[in-house]
Amino acid sequence: MTTKTDPSDDSANAEKLERLNANLAKMDVLSKRLVAAMGKKKSADPGLQAPSQDVYIQAAAAYMAEMMNNPSKILEQQVNYWGKSLKHYVDAQQQVAHGKLTPPEDKGPSDRRFKSELWDTHPYFNFIKQQYMYSSEAITDAMQNLDGLSDHEKSRVSFFAQQIVDMFAPTNFLATNPEALSRAVETDGASLVQGLENLVHDIEANEGDLLVSLADETAFKIGENIAATEGSVVFRNRMFELIQYKPTTEKVNATPLVIFPPWINKFYVMDLKPQNSLIKWLVDQGHTLFVVSWINPDETYADVGIDTYVDEGYLTAFEHIKKITGEKQVNAVGYCIAGTTLSLVLALLKKRGDTSVKAATFFTMLSDFDDPGEMGVFLEDDFVDGIERQVAEKGYLHSFFMSRTFSYLRANDLVYGPAIRSYMLGEAPPAFDLLYWNGDSTNLPGRFVVEYLRNLCQQNKLAKGEMELLGETLSLTDIDVPICAIACETDHIAAWRGSYAGITQFGSKDKTFIVSESGHVAGIINPPSKKKYGHYTNTDMTGTQDAWWAGATFNEGSWWPRWDGWLSGKSAKKVPARTLGSEEFPILAPAPGTYVQMKSNKA
């Protein structure tokens, strides 16, 4: 008896085979493009590459010492790991022997990297996941429990060990990622073709280097759907453009407000869209607002140092704002690295007897680098020496290196996760304004980089009262204007504890310290309308970080209104809303200006 086959099945199979063959052919073409793109990579840069081997030698020596001096501790760690791993393996073998291919009732610890239900429901993938988690836990515990290292050495060892652990997660490999495999089968390989296309695009865009695209660059246009708050450029020099924003209230605070953003990224993180724009919100509260938009430097800025940013940046901005508004003082804001530099400026003004700044605000700022937090792993000589060689050769530090460094502080969120979605699942980068801004980073001038890393980060000269700048020796105790500092609870770049340590050393008698929920950006860009993150306050700053935290009060909602109240108290009377610029300082261009449009050249 013969079995008849449905001709439609044969037709469908033929179509699937045809699609699969077509996709394989596309992958062959893309593979050749990939090889060509990778061939464009220049010789290894002398900059940020990897930590010194001493990090691992120290860890190995400490581990061997513990094996000799405290073998029971090491054996206990190993037996605990072996026990979990072996039991899990035996359970899996017994299931195979009894033909019961189901995952164990205990599916292992949760981890958002393993969000596909197949990690829990499929026996093979569940086994891989749990074995990885057991191994990760064992490595992490072993590094954290080493007794032969200082706290700083242990922090570095743990960080770089975690980098290796994260890199070898089974989610990062096609053969052990069930979601990627399923997508490939469902699409007859089309997802892999698109993923390879995305990979080739990223490598071609970075001339042989791999930097994952985090956002759809075609979805945003600066000045149209982001950085679109109305204003004008009223001054420009080689370092910055000064933007004055158009008032939206009939009266404004007499004392103008100027924001200095970090020059590692561009200012429009504070003006992404109207709903979460700090710039628009401040204008709507009645502030005469100026924002500095820094130049994106190239090799011609090799001579620019901290003194240049201070003299041709901050001091120049103050003088021109005072002339434009007719006021004798301004209120100033410094964000991150611009806040650190603002602390230098305030100390310098005190030494000169200059009262141009009435009050100052700091967003996520470190001025005492005794405890730099997670960033400390990149502040040792093995990295800084490499950066110094890099800028000596090129005259500047390319934005690529800073982007890569900060990304690896949150590798699963900013490296591996986006890479999986783009390269293995074949998804297009999202149209996400914050991630678009994150990818629009800037270069750093060579002399500035070395001075900042050596004098401030490594030698901590400002906190020690030894920082020399423009003919003065500066200290945190020199700063005596009213201060409001906002730190962020989970900030991985400027930890709140380090921020607090610096602010407590200021000579100011009027100090306010606020800790916002969330991290370096989300904790700052936290509009009241979203009602998302709260903040902590404590007026007693006489004790340690632990004492401040223990006595802090949690407040629902954004810290913006609290800060606005503080600012208004430092802004004197109200005056009629000001026009933009002046006869002496005519409008040069509409906001957001021209400097913000400058992209970094290729690394």
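Quantities reported herein were computed from a predicted structural model and do not represent experimental measurements.
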My understanding is that only residues two or more places apart in sequence, or in another chain, count here; which of them pass ring pair (Phe, Tyr, Trp, His ring centres under 6.0 Å) with Phe220? Tyr436

Working note: Asn443 + Tyr301, criterion side chain to side chain donor-acceptor pair (under 3.5 Å); need CA distance, chi angles, decisive distance, verdict. CA-CA 10 Å; Asn443 306 323; Tyr301 283 73; over 6 Å; no

Any heavy-atom pair between the side chains of [Y] and [X] that's under 4.5 Å?
{"X": "Ile387", "Y": "Val450", "result": "no"}
{"X": "Asn526", "Y": "Glu517", "result": "no"}
{"X": "Pro592", "Y": "Ile222", "result": "yes"}
{"X": "Val258", "Y": "Val333", "result": "no"}
{"X": "Leu444", "Y": "Pro297", "result": "no"}
{"X": "Phe554", "Y": "His535", "result": "no"}
{"X": "Ile524", "Y": "Thr364", "result": "yes"}
{"X": "Leu196", "Y": "Leu192", "result": "no"}

Main-chain N/O of [Y] paired to [X] side chain as donor or acceptor, under 3.5 Å:
{"X": "Asn225", "Y": "Ala219", "answer": "yes"}
{"X": "Asn296", "Y": "Asn265", "answer": "no"}
{"X": "Ser499", "Y": "Leu366", "answer": "no"}
{"X": "Asp491", "Y": "Trp496", "answer": "no"}
{"X": "Asn198", "Y": "Ser422", "answer": "yes"}
{"X": "Thr187", "Y": "Ser191", "answer": "yes"}
{"X": "Trp294", "Y": "Pro261", "answer": "yes"}
{"X": "Gln244", "Y": "Val233", "answer": "no"}

Quick one: do [X] and [Y] make a salt bridge, cutoff under 4.0 Å?
{"X": "Lys394", "Y": "Asp298", "answer": "no"}
{"X": "Arg389", "Y": "Glu393", "answer": "no"}
{"X": "Asp271", "Y": "Lys280", "answer": "no"}
{"X": "Arg183", "Y": "Glu427", "answer": "yes"}

Quick check: closest heavy atoms across [X] and [Y], and the distance to 0.1 Å?
{"X": "Val521", "Y": "Tyr335", "answer": "CA-OH, 3.7 Å"}
{"X": "Leu588", "Y": "Val234", "answer": "CD1-C, 4.3 Å"}
{"X": "Met270", "Y": "Ser277", "answer": "O-OG, 3.3 Å"}
{"X": "Cys488", "Y": "Gly519", "answer": "SG-O, 3.2 Å"}

Derivation and outcome, side chain to side chain donor-acceptor pair (under 3.5 Å), residues Ser529 and Gln275: CA-CA 8 Å; Ser529 59; Gln275 297 91 327; over 6 Å; no

Any chance the rings of [X] and [Y] have centres within less than 6.0 Å?
{"X": "Tyr309", "Y": "Phe448", "result": "yes"}
{"X": "Phe240", "Y": "Trp263", "result": "no"}
{"X": "Trp559", "Y": "Tyr533", "result": "no"}

Answer with yes or no whether the side chains of Thr171 and Asn177 bring together a donor and an acceptor at under 3.5 Å. no

For the residue pair Tyr132 and Arg113, confirm or rule out a side-chain donor-acceptor distance under 3.5 Å. yes

Is the ring pair Tyr396/His398 parallel, tilted or perpendicular, if the boundaries are 30 and 60 degrees? tilted

His287 and Tyr245: side-chain contact (heavy atoms from CB on, under 4.5 Å), yes or no, with the steps? CA-CA 9 Å; His287 294 281; Tyr245 286 90; over 6 Å; no

Going through the checks in order, is the side-chain contact (heavy atoms from CB on, under 4.5 Å) test met by His122 and Asn126? CA-CA 6 Å; His122 193 287; Asn126 183 262; over 6 Å; no

Checking ring pair (Phe, Tyr, Trp, His ring centres under 6.0 Å) between Phe363 and each of Trp560, Phe260, Trp563, which is the one that passes? Trp563

State the CD-CD1 distance between Gln131 and Ile128, to the nearest 0.5 angstrom. 9.5 Å

Is Glu556 atom CD crowded by more than 12 heavy atoms from other residues, nucleotides or ligands, each under 6.0 Å away? no

Check the surroundings of atom CD in Glu230: do more than 12 heavy atoms from other residues, nucleotides or ligands lie under 6.0 Å from it? no

Applying side-chain contact (heavy atoms from CB on, under 4.5 Å) to Ile279 and Phe267, what does each step give before you reach the verdict? CA-CA 10 Å; Ile279 287 173; Phe267 80 89; 4.0 Å; yes

